[in-house]
Amino acid sequence: MRIGNGYDVHSLVEGRKLIIGGVEIPHKKGLLGHSDADVAVHAIMDSLLGAIAMRDIGHHFPDNDNKYKDIDSLVLLEKVVDILKNEGYKIINVDCTIAAQKPKLSPYIDEMRENISRVLKIDIGAVSVKATTTERLGFVGREEGIEAYCVSLIEKI
């Protein structure tokens, strides 16, 4: 068994959709990034890649490659799942925490878990997604950005 840790952060800007966990969330701002900037899915991908010591998503999907411009991060997650499978690993579980002052994410957690479990090809009971605020502290508290942390457990097949 191997453990991976992932982290991602994106700034909030006007004129972008807010997509987290593959769910479009109504909000006045969205996350800035080369892809759809899905901070939760990016943290999950980095966690899984870290568990197999295969660098990070920027290495596999560089932000200077136009084929990844505005791409759905769930599509990239599918590619990471393929990498793990090709390396002989299966995913046991993932646990992701999203830090956002606004909007309130709890109404979207179940849909996020469904999206992630479907792409990871694991039971929804093995996918944890949690949301928290930073009590108005730091860049998250000032509503300048959103960050996500993830830990994953994988096992050699």
Side-chain angles (χ1 to χ4, degrees), residues 1-12 18-23 25 30-65 68 71-101 103 105-106 108-157:
M1 296 188 129
R2 299 178 100 174
I3 296 171
N5 181 46
Y7 172 79
D8 196 46
V9 61
H10 287 278
S11 59
L12 282 162
L18 179 60
I19 299 171
I20 304 176
V23 178
I25 299 168
L31 295 171
L32 181 63
H34 186 69
S35 67
D36 64 5
D38 188 327
V39 69
V41 173
H42 290 187
I44 292 167
M45 288 189 289
D46 270 350
S47 156
L48 293 168
L49 289 167
I52 57 173
M54 291 194 68
R55 301 189 62 175
D56 59 24
I57 60 173
H59 175 77
H60 293 271
F61 316 111
D63 64 5
N64 59 0
D65 189 333
Y68 303 120
I71 194 168
D72 181 335
S73 291
L74 291 175
V75 171
L76 299 179
L77 183 58
E78 288 174 353
K79 294 178 185 299
V80 170
V81 170
D82 288 342
I83 292 169
L84 263 76
K85 184 178 176 184
N86 291 337
E87 293 295 316
Y89 287 92
K90 68 177 182 176
I91 301 163
I92 303 300
N93 77 303
V94 296
D95 180 15
C96 183
T97 303
I98 307 158
Q101 195 63 44
L105 299 179
S106 59
Y108 308 100
I109 297 290
D110 289 340
E111 189 177 353
M112 290 179 196
R113 291 178 64 221
E114 289 171 14
N115 290 339
I116 294 162
S117 69
R118 182 186 71 251
V119 174
L120 296 181
K121 300 178 178 100
I122 60 176
D123 186 85
I124 194 167
V127 176
S128 172
V129 176
K130 305 175 301 291
T132 189
T133 70
T134 60
E135 302 295 330
R136 302 208 174 276
L137 297 173
F139 72 90
V140 172
R142 291 188 301 271
E143 299 176 43
E144 296 170 359
I146 294 176
E147 63 187 347
Y149 302 84
C150 182
V151 64
S152 61
L153 181 65
I154 63 172
E155 182 176 47
K156 193 78 169 173
I157 298 172

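None of the values given here were measured: they were computed from a predicted structure. We use all heavy atoms of the structure for the numbers below, so side chains are in, but hydrogens, waters and symmetry mates are not.
For the residue pair Gly21 and Ala40, the shortest heavy atom distance occurs at N-CB, 4.1 Å. Nearest heavy-atom pair, Val129 versus Ile116, reported as atom, atom and distance to 0.1 Å: CG2-CD1, 4.0 Å. The two residues Val94 and Cys150 come nearest to each other via the heavy atoms CB-SG, 4.2 Å. Residues Ile91 and Ile122 share a closest heavy-atom pair of O-CG2, 3.4 Å.
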Please list every donor-acceptor pair under 3.5 Å in which a side-chain atom of residues 71-88 meets a protein atom from a residue at least two apart or in another chain.
residue: Asp72; atom: OD1; partner: Leu74; partner atom: N; Å: 2.8
residue: Ser73; atom: OG; partner: Asp36; partner atom: OD1; Å: 2.4
residue: Ser73; atom: OG; partner: His42; partner atom: NE2; Å: 2.8
residue: Asn86; atom: ND2; partner: Asp82; partner atom: O; Å: 3.2

List, one per line, each side-chain donor-acceptor pair under 3.5 Å for residues 131-139, sequence neighbours excluded.
residue: Thr133; atom: OG1; partner: Glu135; partner atom: N; Å: 3.2
residue: Thr134; atom: OG1; partner: Leu137; partner atom: O; Å: 2.7
residue: Thr134; atom: OG1; partner: Gly141; partner atom: N; Å: 3.0

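Side-chain atoms of Ile19 and Leu31, non-hydrogen and from C-beta on, never get closer than 4.5 Å to each other. Looking at heavy atoms from C-beta onward, Leu120 lies in side-chain contact with Leu48 at the 4.5 angstrom threshold. For the pair His10/Ile20, no side-chain contact is recorded, criterion being any heavy-atom separation below 4.5 Å from C-beta on.
In this structure Arg142 satisfies the salt bridge (charged side-chain N to carboxylate O under 4.0 Å, His left out) test together with Glu144, sequence neighbours excluded. For Ile92, the side-chain contact (heavy atoms from CB on, under 4.5 Å) partners are Met1, Lys90, Leu153, Glu155, not counting sequence neighbours. Taking the ring-ring contact (aromatic ring centres under 6.0 Å, His included) definition, one finds that Tyr89 meets it with nothing, sequence neighbours left out. Partners of Glu147 under the side-chain hydrogen bond (donor to acceptor under 3.5 Å, both in side chains) rule, at least two apart in sequence or in another chain, are Tyr7, Tyr149. In this view, Glu111 satisfies the salt bridge (charged side-chain N to carboxylate O under 4.0 Å, His left out) rule with no residue, not counting sequence neighbours. Taking Asp95 as the reference, Lys130 meet the salt bridge (charged side-chain N to carboxylate O under 4.0 Å, His left out) condition, with sequence neighbours excluded. Applying the ring-ring contact (aromatic ring centres under 6.0 Å, His included) test to Tyr108 and every residue at least two apart in sequence or in another chain returns nothing.
Within the 3.5 Å criterion, the main-chain N or O of Val41 finds no donor-acceptor partner in the side chain of Asp8. For His60 (side chain) and Met54 (main-chain N/O), a donor-acceptor pair under 3.5 Å exists by modelled atom type.
Here side-chain hydrogen bond (donor to acceptor under 3.5 Å, both in side chains) pairs that include residues 47-59, with residues two or more places apart or in two chains, are Ser47-Ser152, Arg55-His59.
In this structure, Ile3 places its CD1 atom where only 12 or fewer heavy-atom neighbours from other residues, nucleotides or ligands lie under 6.0 Å away.
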Please lay out, stage by stage, how Ile25 and Met112 fare under the test side chain to side chain contact (heavy atoms under 4.5 Å, CB included).
-> CA-CA 11 Å; Ile25 299 168; Met112 290 179 196; 3.8 Å; yes

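Taken from CD1 in Ile52 to CZ in Arg2, the straight-line distance is 8.0 Å, to the nearest 0.5 Å.
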